[in-house]
Amino acid sequence: MTQANRKPFVGGNWKMNTDSAAALSLIDGVASGLKNDAVDVAVFPPFVYLREMSDKTSGSDMLVGAQDCWFESNGAFTGEISIEMLKDCNVKTVLTGHSERRHVIGESDQLVNKKTKAAIAGGMIAVLCVGEKLDQREAGQTDAINESQIKAGLDGVSQSDMSSVVIAYEPVWAIGTGKTATPEDAQDAHAKIRALIATMYDQSTADSTRIIYGGSMKPGNANELMAMPDIDGGLIGGASLVADDFLAIINAGQPQSV
Ligand code: PGA
């Protein structure tokens, strides 16, 4: 199967940025520039703006997503947000295991797995983020880290549930640093992740799973990254905060046949 058989997915991870006015103007800018629905486009605003962003985009194809979730549906979990609450705000997708959650906040693989399963069970697209740190890359551990994070993150996720999973390969050293993996290095990691999915499930699951790249993707490098056969889109941080830059990256993700 070629890339053209997988619908590209481009997500904008706003992280802890924007205020209410900036979020509204950013989402307006993105919505008004979308040309077609050939790419699945998602934005991941801060929790407190999710309801407003969902209301703004209702009726459009744009997906509103959350940057995190909790895995229990309710109860004494001060400060946490459940999948049910996200659904109530019309959220359709959620990031799990983003490197800032893993390495700044300290989330374990086991917690990421619980959140991933809760998101899938709640009918969301779970965007499971994986990737190696710089010292791990320099020690030649990129593929081993991806493998262990994916195996742990997808523990107990069935083959049929895999249609609700997008994998985001985000080398930690490339996130927010301006350093991007070369298209060849990124392609190599993506191809190995796809081969891993084939061993964990089967070839057809591997062929249909979207594997997107994140880490300083910008209008200037998105075309060559997304031209790679196993790169099915991007998870964009900094550049998703500027509507024109995000739109340019979405355009780079347009399938060749469109
Ligand atoms: P960046 O962030 O594009 O700013 O590197 C990517 C991400 O963290 O998802």
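All residue numbers refer to positions in the sequence shown, counting from 1. Every number for a ligand or one of its atoms is a count from 1 in the order of the listing.
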For Ala174, state whether at least one heavy atom is located under 4.0 Å from any atom of ligand 1. yes
Near Ser216 (heavy-atom distance under 4.0 Å), the atoms of ligand 1 are 1 (P), 3 (O), 5 (O)
List every atom of ligand 1 that sits less than 4.0 Å from any heavy atom of Leu235, numbering the atoms from 1 in the order shown and giving each element. 6 (C), 9 (O)
Give a yes/no verdict on whether any heavy atom in Lys15 is under 4.0 Å from an atom of ligand 1. yes
Decide whether Asp202 and Gln159 meet the rule of one side-chain donor and one side-chain acceptor closer than 3.5 Å. yes
Atoms of ligand 1 less than 4.0 Å from Gly238 heavy atoms? 1 (P), 3 (O), 4 (O)
Flag the pair Lys35 / Leu247 as yes when at least one side-chain heavy-atom distance between them is below 4.5 Å, and no otherwise. no
In terms of atom number and element, which parts of ligand 1 are under 4.0 angstrom from non-hydrogen atoms of Gly237? 1 (P), 2 (O), 3 (O), 4 (O), 6 (C)
Does Gly215 have a heavy atom less than 4.0 Å from any atom of ligand 1? yes
Between the side chains of Asp245 and Lys218, is the shortest nitrogen-to-carboxylate-oxygen separation below 4.0 Å, so that they form an ion pair? no
List ligand 1 atoms under 4.0 Å from Glu170, heavy atoms only on the residue side. 6 (C), 7 (C), 8 (O), 9 (O)
Distance, nearest 0.5 Å, that separates CD1 of Ile150 from CG of Asp143: 10.0 Å
Any Gly176 heavy atom less than 4.0 Å from ligand 1: yes
Does the distance from a Lys or Arg side-chain N to an Asp or Glu carboxylate O, for Arg137 and Asp185, drop under 4.0 Å? yes
Would you check if Phe47 and Val91 make a side-chain contact, meaning some heavy-atom pair closer than 4.5 Å? no
Please identify which atoms of ligand 1 are closer than 4.0 Å to at least one heavy atom of His98. 7 (C), 8 (O), 9 (O)
Are the side chains of Met217 and Val10 in contact, using a 4.5 Å heavy-atom criterion? no
Determine, for Asp109 against Arg102, whether the closest basic-nitrogen to carboxylate-oxygen distance falls under 4.0 angstrom. yes
Would you mind running through ligand 1 and noting each atom that sits below 4.0 Å from a heavy atom of Asn13? 9 (O)
